[in-house]
Amino acid sequence: MERVSGIGTLRERVAAARIAGHSIALVPTMGNLHAGHLALVDAARARAGFVVVSIFVNPLQFGPNEDFGAYPRTLAADLEALTGRGADLVFTPSVAELYPDGTDLATRVHVAGLSEILCGASRPGHFDGVTTVVAKLFHLVAPDLAVFGQKDFQQLALIRRMVRDLSMAVELLGVPTARAADGLALSSRNGYLTEDERARAPALQRILAGTAARVRDGEAPGAAAAVALDALAAEGFEPDYVSVRRQSDLGEPGPEDRALVVLGAARLGRTRLIDNVPFEREPAA
């Protein structure tokens, strides 16, 4: 495994791998790697001959009152975790390397509609930062395959739409959410939770799963989501949203839509948690 921080060296190593006949997979991360990230690397290794993992805390996707400065940076531990895991190249650029003219970019990638709903309503500009840096990484690495976790369901939907709209030559693979034994979705931000908050945090997944079950049993999505919001508040969360959407495009579901997902976000203390539960329902009679 090799670590590089410069764009020129990255391109040289990827070009050499491609000349050697390897397909290229990219796993974009912001570091502070946990078992969920490593599962993405495993999935990439199973599908490609040369695996690139990027570690970059992207300032464009943090709002002015968010945790960019405090976001956990654990590069030494991340590199140790990746050693022997199947990553061939780890790309660790500085902010100046990716944004040499500063972060006030004249050009950004915006996915209209999907960027403004759900998490986008609470975090204006966040998804523009995500799609811009992912588009930039796709341009630099030119991967055949890019691997993302399904915990960030809206993010993956945005990237799928960007790839389709811009005819990007990359296959996207979504890997199911990695969870702790008690059901809590693994996240770098779980480290912000106090001991008491960590004990209560799995309620988010349980409540979303209950919402999915209610909709499967025939309850209207809006009514089921309202029950979930009350349940989250009763558990000590500050709910942001709970919403049932189509899996395909995150649109509001109609009576005949079967492949649905319930998504939710809520604060527990100073930590904002997100989760989702994809499910299938029978069409209306």
Separation of [Y] [atom2] from [X] [atom1] (nearest 0.5 Å):
| X | Y | atom1 | atom2 | value |
| --- | --- | --- | --- | --- |
| L118 | E116 | CG | CD | 11.0 Å |
| R160 | D249 | CZ | CG | 12.5 Å |
| L158 | H110 | CG | NE2 | 9.5 Å |

Quiz question: by atom type and distance under 3.5 Å, do the side chains of R189 and S187 form a donor-acceptor pair?
no
Polar side chain donor-acceptor pair, D128 to T132, under 3.5 angstrom:
no
What residues form a ring-ring contact (aromatic ring centres under 6.0 Å, His included) with Y71, not counting sequence neighbours?
F62
For H126, the ring-ring contact (aromatic ring centres under 6.0 Å, His included) test, sequence neighbours excluded, returns none
Assess whether a salt bridge exists between [X] and [Y], defined as any Lys/Arg side-chain N lying under 4.0 Å from an Asp/Glu carboxylate O.
| X | Y | result |
| --- | --- | --- |
| E238 | R267 | no |
| D42 | R45 | no |
| E66 | R123 | yes |
| R198 | D182 | yes |

Shortest non-hydrogen contact from [X] toward [Y]:
| X | Y | result |
| --- | --- | --- |
| A146 | V170 | N-CG2, 3.8 Å |
| Y192 | A70 | OH-O, 3.6 Å |
| P253 | R281 | CB-NH2, 4.2 Å |
| S122 | R272 | CB-NH2, 4.0 Å |
| G102 | L105 | O-CD2, 3.3 Å |
| S115 | F127 | O-CD1, 3.8 Å |

Hydrophobic clusters here meaning ILVMFWY residues chained together by side-chain heavy-atom distances under 4.5 Å, can you tell me if [X] and [Y] are in one?
| X | Y | result |
| --- | --- | --- |
| V41 | F148 | no |
| V130 | L263 | yes |
| F68 | L75 | no |
| V53 | V133 | no |
| M30 | L137 | no |

Hey, mind stepping through V261 and R246 against side-chain contact (heavy atoms from CB on, under 4.5 Å) and telling me if it holds?
CA-CA 6 Å; V261 57; R246 287 193 298 266; over 6 Å; no
Output all residues satisfying side-chain hydrogen bond (donor to acceptor under 3.5 Å, both in side chains) with [X], sequence neighbours left out; order by chain, then residue number.
| X | value |
| --- | --- |
| R270 | none |
| R258 | none |
| Q61 | N58 |
| R47 | E171 |

Please lay out, stage by stage, how L10 and L140 fare under the test side-chain contact (heavy atoms from CB on, under 4.5 Å).
CA-CA 8 Å; L10 169 71; L140 295 175; 3.9 Å; yes
Has the side chain of [X] got a donor or acceptor atom that lies under 3.5 Å from a matching backbone atom of [Y]?
| X | Y | result |
| --- | --- | --- |
| D88 | V51 | yes |
| T131 | V109 | yes |
| D240 | A266 | no |
| T29 | S54 | yes |
| D257 | G254 | yes |
| T211 | A228 | no |

Can you run down the ring-ring contact (aromatic ring centres under 6.0 Å, His included) pairs that involve residues 20-41, sequence neighbours left out, and say none if there aren't any?
H34-H37
Output all residues satisfying salt bridge (charged side-chain N to carboxylate O under 4.0 Å, His left out) with [X], sequence neighbours left out; order by chain, then residue number.
| X | value |
| --- | --- |
| R18 | D144 |
| R179 | D275 |
| R73 | none |

Connected to L193, directly or through other members, by ILVMFWY side-chain contacts below 4.5 Å are L184, L204, I207, L208, V215, L229, L232, F237, V242, V244, L260, V262, L268, L273, V277, F279
The test is side-chain contact (heavy atoms from CB on, under 4.5 Å); show your working for I24 and L145 and say whether it passes.
CA-CA 6 Å; I24 311 297; L145 174 74; over 6 Å; no
Which is it for D104 and Y99 under the side-chain contact (heavy atoms from CB on, under 4.5 Å) test, yes or no, and what are the steps along the way?
CA-CA 9 Å; D104 187 18; Y99 305 121; over 6 Å; no
Applying side chain to side chain contact (heavy atoms under 4.5 Å, CB included), can you list everything that pairs with E2, at least two apart in sequence or on another chain?
V4, R13, L89
Walk me through whether R214 and D217 qualify under salt bridge (Lys or Arg N to Asp or Glu O under 4.0 Å).
CA-CA 5 Å; R214 296 168 75 96; D217 290 342; over 6 Å; no
